[in-house]
Amino acid sequence: MPKGGIMKRIIAVAALLAGTAATLSGAGAAAEAKPRTPVSESQYRILLNQCDYAGSASLRADCRARVKSTYRIGAVNPNLDCRTYSGVTVCGDLTLTGKQCECIANLVKAGLSYRRAEVECYTAAS
């Protein structure tokens, strides 16, 4: 390989690493500076309680940590997407396992709305 080709690769790798490092340090700073979203005490409790349905112990712990770092108790948040089906209320985006996604696809195919299928499959005993 000609010397110029090696130099171009070295420069490309160095540029890639520098860009990645800048992105990571910027992302960390942005995450620290982002204020937590205010929600009512009831909404906060729902967000924490829905973590009980996550597919594994580590997913439950991740869910609780995400709630605590994303939300804070304040005023009712009318923009928080909450839905109740079969007596269970969940809010916001749910982190679903592959099994839960498959369950949703099957229920939607059977005629259930996506939102209801999402709650039914998320809260079903694993």
Side-chain angles (χ1 to χ4, degrees):
M1 179 178 286
K3 287 183 183 177
I6 293 173
M7 285 305 289
K8 285 182 184 178
R9 285 184 184 205
I10 291 172
I11 291 170
V13 169
L16 178 64
L17 290 174
T20 301
T23 300
L24 290 175
S25 66
E32 289 174 22
K34 185 177 178 183
R36 294 183 301 158
T37 303
V39 294
S40 71
E41 186 174 348
S42 173
Q43 289 173 317
Y44 191 81
R45 201 172 326 112
I46 289 167
L47 287 160
L48 280 177
N49 288 343
Q50 75 192 34
C51 292
D52 291 344
Y53 297 105
S56 69
S58 65
L59 289 175
R60 289 187 287 277
D62 289 346
C63 178
R64 287 185 186 96
R66 191 171 44 257
V67 168
K68 290 174 183 177
S69 68
T70 305
Y71 301 99
R72 67 174 176 80
I73 296 174
V76 171
N77 185 337
N79 298 320
L80 186 62
D81 178 25
C82 296
R83 53 255 187 229
T84 302
Y85 296 103
S86 300
V88 177
T89 301
V90 297
C91 297
D93 295 326
L94 303 175
T95 302
L96 303 167
T97 64
K99 184 177 178 181
Q100 290 166 330
C101 290
E102 186 178 327
C103 172
I104 292 168
N106 290 334
L107 290 180
V108 168
K109 196 181 295 183
L112 214 56
S113 73
Y114 179 87
R115 287 172 63 81
R116 180 167 190 146
E118 181 184 42
V119 175
E120 296 290 345
C121 293
Y122 183 73
T123 60
S126 299

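Keep in mind the model is a prediction, meaning the values are calculated, not measured. Residues take their numbers from the sequence shown, with the count starting at 1.
- Asp93 CG to Asp81 CG: the interatomic distance, rounded to the nearest 0.5 Å, is 7.5 Å.
- Remark: Leu48 engages Tyr44, Arg64, Val67, Lys68 in a side-chain contact (heavy atoms from CB on, under 4.5 Å) (not counting sequence neighbours).
- Applying the side-chain contact (heavy atoms from CB on, under 4.5 Å) rule to Thr84 yields the partners Thr89; only residues at least two apart in sequence or on another chain are considered.
- One distance of note links CD of Gln50 with OG1 of Thr123; it measures 10.5 Å at 0.5 Å rounding.
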Counting only pairs under 3.5 Å, give me each side-chain donor-acceptor contact of residues 71-78, with atom names and distances, residues two or more places apart or in other chains.
from: Asn77; atom 1: OD1; to: Asn79; atom 2: N; distance (Å): 2.8
from: Asn77; atom 1: OD1; to: Leu80; atom 2: N; distance (Å): 3.4
from: Asn77; atom 1: ND2; to: Pro38; atom 2: O; distance (Å): 3.3

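- The hydrophobic clustering, which links ILVMFWY residues whose side-chain heavy atoms are closer than 4.5 Å, places Leu47 and Leu94 apart.
- Donor-acceptor pairing under 3.5 Å is lacking for the side chains of Ser40 and Ser42.
- For the atom pair SG of Cys91 and CZ of Arg45, the computed distance is 11.5 Å after rounding to the nearest 0.5 Å.
- Listed by chain and number, the residues in a side-chain contact (heavy atoms from CB on, under 4.5 Å) with Thr97 are Leu59, Lys99, Gln100 (sequence neighbours excluded).
- Taken together through direct or relayed side-chain contacts under 4.5 Å among Ile, Leu, Val, Met, Phe, Trp and Tyr, Leu96 and Tyr53 form part of one hydrophobic cluster.
- Cluster membership for Leu107 and Val88, using ILVMFWY side-chain heavy atoms within less than 4.5 angstrom, is not shared.
- Annotation for Ile46: hydrophobic cluster partners, listed by chain and number, are none (ILVMFWY side-chain heavy atoms under 4.5 Å, direct or chained).
- In plain terms, the two heavy atoms of Cys63 and Tyr122 that are nearest each other are SG-OH, 4.4 Å.
- Here the SG atom belonging to Cys121 is positioned 8.0 Å from the CG atom belonging to Asn106, to the nearest 0.5 angstrom.
- For the pair Val90/Glu118, no side-chain contact is recorded, criterion being any heavy-atom separation below 4.5 Å from C-beta on.
- Residues satisfying the side-chain hydrogen bond (donor to acceptor under 3.5 Å, both in side chains) criterion with Arg116, sequence neighbours excluded, are Ser86, Glu120.
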